[in-house]
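Here the structure is laid out as structure tokens; the discussion comes afterwards.
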Amino acid sequence: MSSKYGILAYPAGHSLSPAVHNAAFKAAGVDAEYEVCDVKPEDLEVFMNEMKGGAYDGLSVSSPHKEAVIDFMDNISPDAYDIRAVNTVVLKKGKLIGSNTDWVGALEALKRSGVESLVGKKVVILGAGGAARAIAYGLLKERAHVVVLNRTMDKAQKLANDLSGLFKGNASGSLRFGAIEGIGNFEPDILIQATSIWTTSGTEAQILPSGYLTGLAREGVRPLVMDIVYKPRITPLLFAAEDADCDVITGDKMLLYQAVAQFETWTGKKATKKVVEAMEVALKEGLK
Ligand code: NAP
């Protein structure tokens, strides 16, 4: 019998996930279909009860449900528990199991761009929302020195309080927080833009003081700049980073590798090169 998967979000209509996951199933010869589940927060309980009853075999979970969905899980992986967000659900033997692949996708995007080790690397994350939280978790796991800078300091502080106790044994990692305006105090090896600024304030907005990246270049620092936003693919920050001769990583890479990890969670199969390439092509098409 064909399996059924979906993207649970609201609004979910713009999602690229159906194209990406359906391409993966086809390339892998998996008899499954993946659809959009546009579910309002007030309808979440009914939807999750239907899922538990077998309506879906697995879900990708996106905004605004990543935290709320936790209440419906029978089991949650340690990473999702620590991050306090679920972006992947699988139905196994009638039980709903939640996990998080956002941090996996972010780390994989960094590794594929040539970052061999994150141990001791200085990383600044802009933002303290769900995505920043998952990325900070992954970086701490890899023993990086992480600074989370956010527009709202309280949220950055909460993130730091929640995550800093987790990896006490990781001698070389650390986590600090601050306000985005304080960016001038930092010279990161890696800068990760994880706010939704381009959606909330438009692409005319500036997340960094002008000249910050070129200033770093004058100091001999050439940071790797990743923006996790994938629409537009080359964000204003990435334009500025390219101008300042930084290496850049576009947000579609994190999206791709978090989806690859979801495919593996649901099917129990390793995503082959053919499958990953099919997902990449579908993503590229969707972003045109
Ligand atoms: P979220 O939980 O809603 O958090 C939003 C973050 O953006 C908060 O830190 C917020 O700061 C900040 N922010 C919003 N507007 C801002 C502005 N005008 N100036 C400065 N900061 C601003 O969202 P999220 O789930 O973390 O997602 C963040 C972005 O990442 C979204 O655009 C999402 O599409 C993208 N994303 C991409 C991937 C991927 O795979 N590539 C995965 C997940 C998310 P305050 O706390 O001050 O409000």
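Numbering of ligands and ligand atoms starts at 1, following listing order. Please read all numbers here as calculations on a predicted model, not as lab measurements.
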Which atoms of ligand 1 are found less than 4.0 Å from any heavy atom of Leu255? 39 (C), 40 (O), 41 (N)
List every atom of ligand 1 that sits less than 4.0 Å from any heavy atom of Ala194, numbering the atoms from 1 in the order shown and giving each element.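 Close to Ala194: 28 (C).
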Shortest heavy-atom approach to [atom] - which of [options]:
| atom | options | result |
| --- | --- | --- |
| atom 18 (N) of ligand 1 | Gly127, Ser201, Ala128 | Ser201 |
| atom 14 (C) of ligand 1 | Ser196, Ala131, Gly202 | Ser196 |
| atom 36 (N) of ligand 1 | Asn87, Ile228, Leu149 | Ile228 |

Quick check on Ala205 - does any of its heavy atoms sit under 4.0 Å from an atom of ligand 1? no
Contact check, Ser63 vs ligand 1, heavy-atom distance below 4.0 Å: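 Not so, Ser63 does not reach ligand 1.
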Location of contacts on [X] toward ligand 1, heavy atoms closer than 4.0 Å:
| X | answer |
| --- | --- |
| Thr200 | side chain |
| Val229 | side chain |
| Ser62 | neither |
| Asn150 | side chain |
| Trp198 | neither |
| Met254 | both |

Is the distance between the ring centroids of Phe47 and Tyr56 under 6.0 Å? yes
Using a 3.5 Å distance criterion without hydrogens, assess whether the side chain of [X] forms a donor-acceptor pair with backbone atoms of [Y].
| X | Y | value |
| --- | --- | --- |
| Gln262 | Asn87 | yes |
| Asn22 | Tyr34 | yes |
| His65 | Val39 | yes |
| Thr101 | Gln258 | yes |
| Thr152 | Asp154 | no |
| Asp38 | Tyr10 | no |

Quick one: does Gly251 get an N or O within less than 3.5 Å of an N or O on ligand 1? yes
In terms of side-chain geometry, is the basic nitrogen of [X] or [Y] positioned less than 4.0 Å from the acidic oxygen of its partner?
| X | Y | value |
| --- | --- | --- |
| Glu108 | Arg112 | yes |
| Lys270 | Glu264 | yes |
| Lys66 | Asp102 | yes |

Which heavy atom of the protein is the closest neighbour of [atom], given with residue, atom name and distance?
| atom | answer |
| --- | --- |
| atom 23 (O) of ligand 1 | Gly130 N, 4.6 Å |
| atom 45 (P) of ligand 1 | Thr152 OG1, 3.4 Å |
| atom 1 (P) of ligand 1 | Gly129 CA, 4.0 Å |
| atom 12 (C) of ligand 1 | Thr195 CB, 3.6 Å |
| atom 17 (C) of ligand 1 | Arg151 NH1, 3.2 Å |

Is [atom] less than 4.0 angstrom from some protein heavy atom?
| atom | value |
| --- | --- |
| atom 30 (O) of ligand 1 | yes |
| atom 3 (O) of ligand 1 | no |
| atom 33 (C) of ligand 1 | no |

So, Asp57 versus Trp266: side-chain donor-acceptor pair below 3.5 Å or not? no
With sequence neighbours excluded, tell me which residues meet salt bridge (Lys or Arg N to Asp or Glu O under 4.0 Å) with Asp252. Arg233
Asp243: what forms a salt bridge (Lys or Arg N to Asp or Glu O under 4.0 Å) with it, not counting sequence neighbours?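 So Asp243 forms no salt bridge (Lys or Arg N to Asp or Glu O under 4.0 Å) with any residue.
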